[in-house]
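Notes for the one structure printed next.
Predicted model only: the values in this text are computed from it and were never measured. Each chain gets a letter, A, B and so on, in the order its sequence line appears, and its residues count up from 1. Computed from heavy atoms alone, side chains included, the values below leave out hydrogens, waters and symmetry copies.
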Amino acid sequence: MLVAKPGLDGHDRGAKIVARALRDAGFEVIYTGIRKEPELIARMAAQEDVDIVGLSILSGAHIALTRSTVAALKKANVEGAKIIVGGTVPEADIPKLKELGAADVFPTGTRMDDLVARCKALVGNADAPDQ
Amino acid sequence: MTVQAPGAETLLEQARAGSEAALGRLLSQVERGGETARQISQLCHPLTGSAYTLGITGAPGSGKSTLTSSLASVLRRKEQRLAIVAIDPSSPNSGGAILGDRVRMTDHAEDAGVFIRSMATRGNLGGLSAATAAAIRVLDAAGFQWILIETVGVGQVELDISGAADSTLVVVNPGWGDEVQAAKAGLLEIADVFAINKADREGANQTERELRQMLALQGSDCAWKAPVVPTIATRHKGVEDLFASVESHRCWLESNDELDRRRQSRQWTEVEHLAISRIVSEARAMISPGNHPDLVRAVVEKSVDPVSAAEALISGRPLKSKHE
């Protein structure tokens, strides 16, 4: 899976901790680095053919960035990748994000084992390595 | 004649027309293995031969990714279309992996002429993924002129990269003389070109001298002598010279008819590896202890020794125990 940091947000300690937890759960995690445009994230998702695109957003711009990433993924013909959003997301915004196409949302404070279990559920396969 | 999966043919057409999503999916299929992977290999093989493969290996921290990215810049200046496969180790415990090489290749993020794919070793030893040869085949068929394979640099384990690439570049750092003798011997044998990266560090000249001395002592007269090139990848220094060395190796291979000969030899080695790997899995399944409880008991009770037990398994004949 891709762990991406779109937009201008430069704080990636959380994203890296999540990446390691997912690695320990059997995922192959590609970390994109900070400040990535949605088009670049979509290009990486296409080349790597990931199962999940994870957006880590602490800047508050999660609705706009999710919308533009979903559009960019479609334009890049990335089919089948599930989008998840994590970061400073108020509960009230979760339905809107899901409406935009997010398969799941993990606000700050979500327990790591819960996050990992829900990611595994998204790919539905407990054995093979998932990207 | 088996029916081709329409998916595979269509994906390949799309990939050759430039779709990165289609190419990404083809690469995932060959990683997964199985019948679709075989069909993809069959479709791609006749279309291969035009890409030149460069393997890049070296110890972790030697600057391989940065150097790979720099080499890619040189290739782009020469208007070559290239693919980079960056391989990282899978965790032996969880089977997962952090594939972090492409973070160091951001210079090429927006360049349509560079395709980057990360792969995990998934338990395969030797620094490569079991699907590396198949991935190279797909990328070659997709039309890339150069394929750079950046491996897990282990330095002390036999490396498979020279069995997968046309030229192998080994990246070391100054002060390399401190490492284990055995590691050095292995690297000397597989390297077609050496880069001493981080050459601004202390000991660069000495490392260069040592390397040249060791290289002078080995090999026959008509063998290729690996050049040693100091580089500072972070400042793009020495990288043009490094590329020129790789090109010299390529010319040498072509002018000695070595290129085709080596590619054919590598292809057959791939066939052997795949066949042996299948035979081993099937053998393992057949001789699993669960299938032979009586024999297991006989060995534990010491009425049958392990050598005779193995013989019995292979020949399929029931054994007479000591007590009969």
Does E37(A) have more than 12 heavy atoms from other residues, nucleotides or ligands lying within 6.0 Å of its CD? no

With chain A, the option among G24(B), A21(B), A97(B) that has the most non-hydrogen atom pairs under 4.5 Å is A97(B)

The reported gap from CD in Q14(B) to CG in N77(A) (rounded to nearest 0.5 angstrom) is 7.5 Å

Less than 4.0 angstrom from a charged side-chain N to a carboxylate O is my criterion; do R43(A) and E110(B) meet it? no

Bottom line for E39(A): the part with an atom under 4.5 Å from chain B's heavy atoms is neither

One should read off an interatomic distance between I116(B) CD1 and E48(A) CD, to the nearest 0.5 angstrom, of 8.5 Å

Cut-off 4.5 Å, heavy atoms of chain B, and the answer for A76(A) is backbone

Please evaluate residues M119(B) and E28(A) with respect to the criterion side chain to side chain contact (heavy atoms under 4.5 Å, CB included), reporting the C-alpha separation (whole Å), side-chain torsions for both, the decisive distance (0.1 Å), and the verdict.
CA-CA 9 Å; M119(B) 284 174 78; E28(A) 289 172 355; over 6 Å; no

Separation between CD (E20(B)) and CG (D49(A)), nearest 0.5 Å, reads 12.5 Å

To the nearest 0.5 Å, atom OG of S118(B) lies from atom CD of Q47(A) at 9.0 Å

TODO: Determine yes or no for a side-chain-to-main-chain donor-acceptor pair under 3.5 angstrom, with R23(A) supplying the side chain and S91(B) the backbone.
DONE: no

Check your understanding: Hey, does R117(B) have a side-chain heavy atom less than 4.5 Å from the side chain of I30(A)?
Key -> no

Highest number of heavy-atom pairs under 4.5 Å with chain A among I98(B), V103(B), L26(B) belongs to I98(B)

Cut-off 4.5 Å, heavy atoms of chain A, and the answer for R25(B) is both

Quick note, salt bridge (Lys or Arg N to Asp or Glu O under 4.0 Å) partners involving residues 59-78 of chain A, not counting sequence neighbours, are none

